[in-house]
Amino acid sequence: MAGAQTSEVDGVLKGFLTEFPTVIGYVVVNSDGIPTKWHESVPYERALMYAALMSDFVTNCKKCLKELLTGPAESELGNVRIRTKEGTEVICVTYTEYTFIVIQNCTGKAWVQDPEEGGGGGGEGGGGGA
């Protein structure tokens, strides 16, 4: 059963990458902040960094939203989008106990992968990934 679920998830993620060619990489994070799946272009150390920093950031966004908005439906966090100077965008979507972190190229140019950093260049000034 677990193998079938893993295969299904892998299929969905591959379909996602095919449907959105501007996606540079992704990390799937569980409720404990541990990366459970990540794209091959994202090294494990980088996946850990995204998981730790973005999990904390999303948690703080949820807290702030609950304090700012009064209605229960209004205070639900749907997603968080962060755009960088280098032309990448980090998108976090929470669903049940998982957070899906996507790194996307918004430059309109080909993204060149930097093998040491796990990032890339493509915007003005080259620069590292996200």
Side-chain angles (χ1 to χ4, degrees):
M1 179 80 168
Q5 288 175 338
T6 300
S7 174
E8 184 179 344
V9 169
D10 288 339
V12 169
L13 290 173
K14 285 179 184 174
F16 175 77
L17 292 172
T18 303
E19 189 174 340
F20 301 102
T22 57
V23 171
I24 300 165
Y26 63 82
V27 181
V28 179
V29 182
N30 68 12
S31 59
D32 296 325
I34 298 169
T36 57
K37 286 201 170 291
W38 55 93
H39 188 260
E40 66 236 9
S41 70
V42 180
Y44 178 70
E45 293 77 19
R46 193 112 169 137
L48 278 175
M49 182 183 71
Y50 274 113
L53 295 174
M54 295 310 294
S55 293
D56 189 42
F57 184 70
V58 168
T59 300
N60 284 328
C61 287
K62 286 179 181 180
K63 287 178 185 176
C64 290
L65 207 55
K66 284 182 182 176
E67 287 182 25
L68 291 172
L69 302 174
T70 56
E74 292 176 340
S75 64
E76 284 288 322
L77 181 68
N79 64 56
V80 176
R81 299 176 81 124
I82 303 170
R83 188 120 185 213
T84 68
K85 288 186 204 177
E86 289 83 17
T88 58
E89 192 170 52
V90 180
I91 305 163
C92 297
V93 179
T94 56
Y95 183 74
T96 61
E97 69 267 6
Y98 291 96
T99 301
F100 187 45
I101 302 168
V102 177
I103 304 96
Q104 179 175 314
N105 175 10
C106 299
T107 64
K109 300 176 186 175
W111 194 258
V112 180
Q113 189 72 26
D114 182 357
E116 291 182 14
E117 289 294 320
E124 312 306 321

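Everything numeric in this text was worked out from a predicted model, so none of it was measured. Just so you know, these numbers use all the heavy atoms, side chains as well, and skip hydrogens, waters and symmetry mates.
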Which atom names give the shortest non-hydrogen contact between His39 and Ile24, and what distance separates them?
ND1-O, 3.6 Å
To the nearest 0.5 Å, what is the distance between CG (Leu13) and NZ (Lys37)?
7.0 Å
Parallel, tilted or perpendicular: rings of Phe100 and Phe16 (30°, 60°)
perpendicular
Closest heavy-atom pair, Ala47 versus Val42, reported as atoms and distance to 0.1 Å, is N-CG1, 3.7 Å
When you measure from the side chain of Asp32 to the backbone of Ile34, do you find a donor-acceptor pair of N or O atoms at a distance under 3.5 Å?
no
Has the side chain of Thr88 got a donor or acceptor atom that lies under 3.5 Å from a matching backbone atom of Thr84?
no
Where Ser55 and Gly33 come nearest, the two heavy atoms and their spacing
OG-CA, 3.9 Å
Are Phe20 and Val12 in one and the same hydrophobic cluster, where Ile, Leu, Val, Met, Phe, Trp and Tyr link if side-chain heavy atoms are under 4.5 Å apart?
no
Can you measure from OG1 (Thr59) to CE (Met54) and round to the nearest 0.5 angstrom?
10.5 Å
Do Glu19 and Leu17 come close enough that some side-chain heavy atom pair is under 4.5 Å?
no
So, taking the atom named CD1 in Ile103 and the one named OH in Tyr26, what distance separates them when rounded to the nearest 0.5 Å?
10.5 Å
Which atom pair, heavy atoms only, marks the closest approach of Pro35 to Val27?
CB-CG1, 3.8 Å
Quick one: pull up CG in Leu77 and SG in Cys61 and give me the separation to the nearest 0.5 Å.
6.0 Å
Rounding to 0.5 Å, atoms OG1 (Thr22) and NZ (Lys109) come to a distance of 15.5 Å
If I take atom CD from residue Glu89 and atom OG1 from residue Thr107, how far apart are they, to the nearest 0.5 angstrom?
12.0 Å
Residues in side chain to side chain donor-acceptor pair (under 3.5 Å) contact with Arg83, at least two apart in sequence or another chain
none
Check: Thr99 main-chain N/O paired with Thr94 side-chain donor or acceptor under 3.5 Å
no
Is Phe57 close to Val80 at the side-chain level, that is, under 4.5 Å between some pair of heavy atoms?
yes
With no hydrogens and no angle check, is any side-chain donor or acceptor of Asp56 less than 3.5 Å from a backbone partner on Asn60?
no
For a quick test of reading the model, state the closest non-hydrogen atom pair linking Tyr50 to Ile101 and the distance between them.
O-CD1, 3.7 Å
